[in-house]
J.: 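The structure's right below; bear with me while I get my questions together.
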Amino acid sequence: MRFGDRRTSDNVEYREGGGGGMFGGGGGGGRGAGGMLIGMIMSRFGIIGVIVVIGIGFLIGGNPLGLMGGGTGEPAPQQKADPQSARQVCGSNSAYRFSCQTLASTEDQWTAMFREAGQTYQPPRMVLYTRGAPSGCGQADSRMGPFYCPADRGIYLDTAFFDELSQRFQAPGDFAQAYVIAHEVGHHIQTLRGLSDRIRRAQSGVSEAQGNALQVRMELQADCLAGVWASREEGIMEPGDIEEGMRAAAAIGDDTLQGNNAAPESFTHGTSAQRQEALMRGYRGRTLQACETYTNGI
């Protein structure tokens with residue numbers, strides 16, 4: 001990808017520290033902080049094992065699948081963006097600059113697509129952090145990987161994950177990194193359109209396997225929406241970029257991550273083939289409508 005001197009986003013901040021422990025942080029509603037943590041883990045790029053999530057669910061009590069999605073229907077109030085501070089954060093190193101340019105690109109493209117539909121796009125805020133930081137869904141931790149928190153409509157990212165994506169998951173490349181951010185923006189779009197709430201309601205009271213299947217549909221749609229964004233940015237795409245995204249999608253499929261112990265009923269993000277297909281569906285379809293198939297009937 002070649003962003004060149006294109007703008008960086010003003011909806012960025014750097015955050016670190018903050019206590020609250022594993023279940024600490026803001027948010028609210030009847031689900032509680034533990035439930036919001038589970039939702040936070042599940043609305044993410046897909047490298048945490050489902051056994052960890054289910055274990056947390058049993059620890060706090062209740063069916064963890066009934067708690068996925070996190071937060072309440074209304075987002076926590078956001079502080080007004082500080083463009084000057086955002087520019088300082090984005091200019092502090094190359095990884096931050098690239099992340100800020102990617103977010104700005106998603107803002108431009110989704111603003112245009114929402115306008116075409118007669119709607120107004122409200123961008124998320126991206127919080128860049130090192131090791132740990134407070135979020136509206138509890139304490140962010142680098143070991144969780146990137147995630148979207150619906151409670152404060154924030155994307156949380158420690159860019160050290162990009163090194164893990166390249167080295168541990170064998171998915172290098174700048175487009176692979178952009179795909180991570182665009183996937184989390186996809187979750188934000190689901191929140192704006194009310195899809196996240198619909199899926200959480202559908203998950204309530206169903207079996208674990210059924211709840212997992214619904215979560216897979218949500219994650220695949222986020223992949224699809226990432227593909228839609230990429231297709232609208234043909235001017236910055238370079239040869240080999242989409243292949244980088246396909247390698248990343250394959251590397252974080254549930255079947256690949258679980259290996260020989262793969263249990264399809266436990267999948268929460270989709271197989272490698274499904275994630276690749278979803279990314280390409282959006283890339284070829286170029287519209288929101290191309291991704292509707294994943295949530296039809298919910």
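Since this is a predicted model, take the numbers as computed values, not measurements.
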J.: Check whether any side-chain heavy atom of Tyr283 lies under 4.5 Å from a side-chain heavy atom of Ser231, and answer yes or no.
T.: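 In short, these two side chains touch, coming nearer than 4.5 Å.
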J.: Taking the side chain from Glu13 and the backbone from Val127, do they hold a donor-acceptor pair closer than 3.5 Å?
T.: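 Here the side-chain-to-backbone pair does not exist.
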J.: Listed by chain and number, what are the side chain to side chain contact (heavy atoms under 4.5 Å, CB included) partners of Gln274, not counting sequence neighbours?
T.: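 So Gln274 forms a side chain to side chain contact (heavy atoms under 4.5 Å, CB included) with Val216, Leu220, Thr271.
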J.: What is the minimum heavy-atom distance between Thr256 and Ser272, and which atoms define it?
T.: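 Where Thr256 meets Ser272 most closely, the heavy atoms are OG1-OG, 2.5 Å.
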J.: List the steps and the verdict of side chain to side chain contact (heavy atoms under 4.5 Å, CB included) for Tyr148 and Thr191.
T.: CA-CA 10 Å; Tyr148 172 73; Thr191 296; 3.3 Å; yes
J.: Side chains of Ser207 and Gln210: any donor to acceptor distance under 3.5 Å?
T.: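 There is such a pair (donor and acceptor under 3.5 Å, judged by atom type) between the side chains of Gln210 and Ser207.
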J.: Do Leu225 and Val185 have side chains that get closer than 4.5 Å, going by heavy atoms?
T.: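 No; the side chains remain at least 4.5 Å from each other.
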J.: Does Leu195 belong to the same Ile/Leu/Val/Met/Phe/Trp/Tyr cluster as Ile189, with side-chain heavy atoms less than 4.5 Å apart forming each link?
T.: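 No; tracing contacts between hydrophobic side chains, which count when under 4.5 Å, never links both residues.
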J.: Side chain to side chain contact (heavy atoms under 4.5 Å, CB included), that's the test. Do Asp174 and Phe3 meet it? Break it down for me.
T.: CA-CA 11 Å; Asp174 48 13; Phe3 282 119; over 6 Å; no
J.: Please find the pair of heavy atoms, one from Ser166 and one from Pro172, that lie closest to each other, and give the distance.
T.: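 Heavy-atom minimum between the residues: OG-CB, 3.4 Å.
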J.: How about Tyr129 and Tyr14: are their ring centroids closer than 6.0 Å?
T.: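 Aromatic pair excluded; centres sit 6.0 Å or further apart.
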J.: OG1 of Thr106 to CE of Met113: how many Å apart, nearest 0.5 Å?
T.: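 Thr106 atom OG1 to Met113 atom CE measures 9.0 Å (nearest 0.5 Å).
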J.: Under a plain distance cut-off of 3.5 Å, with no hydrogens placed, do Glu233 and Ser105 share a side-chain donor-acceptor pair?
T.: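 There is such a pair between these side chains.
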J.: Got a second to check how far Arg198's CZ is from Arg193's CZ, nearest 0.5 Å?
T.: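 Reported value, rounded in 0.5 Å steps: 8.0 Å.
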J.: Working note: Glu277 + Arg284, criterion salt bridge (charged side-chain N to carboxylate O under 4.0 Å, His left out); need CA distance, chi angles, decisive distance, verdict.
T.: CA-CA 10 Å; Glu277 191 278 335; Arg284 291 170 177 152; over 6 Å; no
J.: Test salt bridge (charged side-chain N to carboxylate O under 4.0 Å, His left out) on Arg286 and Glu234 and set out the steps.
T.: CA-CA 11 Å; Arg286 300 175 59 89; Glu234 291 178 323; 3.5 Å; yes
J.: Could you report the tightest heavy-atom contact between Gln101 and Asp5, atom names first, then the distance?
T.: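 The answer is NE2-C, 4.2 Å.
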J.: Look at Glu243 together with Arg247 and state whether they make a salt bridge at an N to O cut-off of under 4.0 Å.
T.: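 Salt bridge: no.
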J.: Are Phe161 and Ser142 close enough that some pair of their side-chain heavy atoms sits under 4.5 Å apart?
T.: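 Answer no - side chains too far apart.
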J.: Which atom pair, heavy atoms only, marks the closest approach of His188 to Pro123?
T.: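 Looks like NE2-C, 3.6 Å.
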J.: Side chains of Ser196 and Met218, heavy atoms from C-beta outward: is any pair under 4.5 Å?
T.: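 A side-chain contact exists here, since the closest heavy-atom pair is under 4.5 Å.
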J.: Working to the nearest 0.5 Å, report the span between CZ of Phe147 and OG of Ser135.
T.: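 Here the rounded value is 4.0 Å.
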J.: Please report the closest heavy-atom contact between Gly285 and Ala290, naming both atoms and the distance.
T.: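 Looking at all heavy atoms of both residues, the shortest contact is CA-CB, 3.8 Å.
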J.: Determine whether Met1 and Met237 make a side-chain contact, defined as any pair of heavy atoms from C-beta on separated by less than 4.5 Å.
T.: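 Answer yes - side chains close enough.
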J.: Would you kindly say whether Glu265 and Asn212 are connected by a side-chain donor-acceptor distance under 3.5 Å?
T.: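 No, because no side-chain N or O of Glu265 sits under 3.5 Å from a partner of the opposite role on Asn212.
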J.: Check for a donor-acceptor pair, side chain of Asn261 on one end and backbone N or O of Gln258 on the other, with a separation under 3.5 Å.
T.: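 A pair under 3.5 Å: no.
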J.: Output yes when a side-chain donor or acceptor of Arg217 lies under 3.5 Å from a complementary backbone atom of Asn296, and no otherwise.
T.: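 The answer is yes, because a donor-acceptor pair under 3.5 Å joins these two groups.
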J.: Return yes if some donor-acceptor pair links the side-chain N/O of Gln276 with the main-chain N/O of Met246 below 3.5 Å, else return no.
T.: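 Yes; judged by distance alone, with no hydrogens or angles, the pair exists.
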J.: Distance only, no hydrogens: is a donor on one side chain within 3.5 Å (strictly under) of an acceptor on the other, for Gln221 and Thr293?
T.: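 Their side chains do not contain a donor-acceptor pair, so the 3.5 Å distance test is not met.
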J.: For Tyr179 versus Ala226, what's the shortest heavy-atom pair and its separation?
T.: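 For Tyr179 and Ala226, the tightest heavy-atom pair comes out as CD1-CB, 4.0 Å.
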J.: Would you find a donor on one side and an acceptor on the other, under 3.5 Å apart, between the side chain of Asp141 and the backbone of Gly132?
T.: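 Not at all, since once roles are kept as given, no pair shorter than 3.5 Å links the two residues.
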J.: Strictly by modelled atom types, are Glu107 and Ser9 linked by a side-chain donor-acceptor pair under 3.5 Å?
T.: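 Indeed, the side chains of Glu107 and Ser9 share at least one donor-acceptor pair under 3.5 Å.
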J.: Can you tell me how far CG of Asp223 sits from CE of Met280, rounded to the nearest 0.5 angstrom?
T.: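 One gets 12.5 Å once the value is rounded to the nearest 0.5 Å.
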J.: Does the side chain of Phe267 come within less than 4.5 Å of Gln215's, by heavy atoms?
T.: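 Of all side-chain heavy-atom pairs linking Phe267 with Gln215, none is under 4.5 Å.
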J.: Using the six-membered ring wherever Trp is involved, compare the ring planes of Trp110 and Tyr121 and label them parallel, tilted or perpendicular (cut-offs 30° and 60°).
T.: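 Trp110 and Tyr121: tilted rings.
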J.: Once you round to the nearest 0.5 Å, how far does CZ of Arg232 lie from CD of Gln109?
T.: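 So the CZ of Arg232 and the CD of Gln109 are separated by 6.0 Å.
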J.: Could you walk me through whether Leu192 and Gln122 pass the side chain to side chain contact (heavy atoms under 4.5 Å, CB included) check?
T.: CA-CA 8 Å; Leu192 292 179; Gln122 300 170 321; 3.7 Å; yes
J.: Within the structure provided, determine whether Pro150 and His187 are in side-chain contact (heavy-atom separation under 4.5 Å).
T.: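 In short, these two side chains do not touch, never coming nearer than 4.5 Å.
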J.: What distance do Ile155 atom CD1 and His183 atom NE2 have between them, rounded to the nearest 0.5 Å?
T.: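 Interatomic distance, Ile155 CD1 to His183 NE2, rounded to 0.5 Å: 10.0 Å.
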J.: Could you check whether Asp108 pairs with Arg7 (Lys NZ or Arg NE/NH1/NH2 to Asp/Glu carboxylate O, under 4.0 Å)?
T.: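 Salt bridge between Asp108 and Arg7, a charged N being under 4.0 Å from a carboxylate O: yes.
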J.: Show the numbers, then the answer: is there a side chain to side chain contact (heavy atoms under 4.5 Å, CB included) between Asp158 and Leu128?
T.: CA-CA 6 Å; Asp158 182 341; Leu128 298 169; over 6 Å; no
J.: Compare all side-chain heavy atoms of Arg125 with those of Asp152 and state whether any distance is below 4.5 angstrom.
T.: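 The answer is no; the side chains never approach within 4.5 Å.
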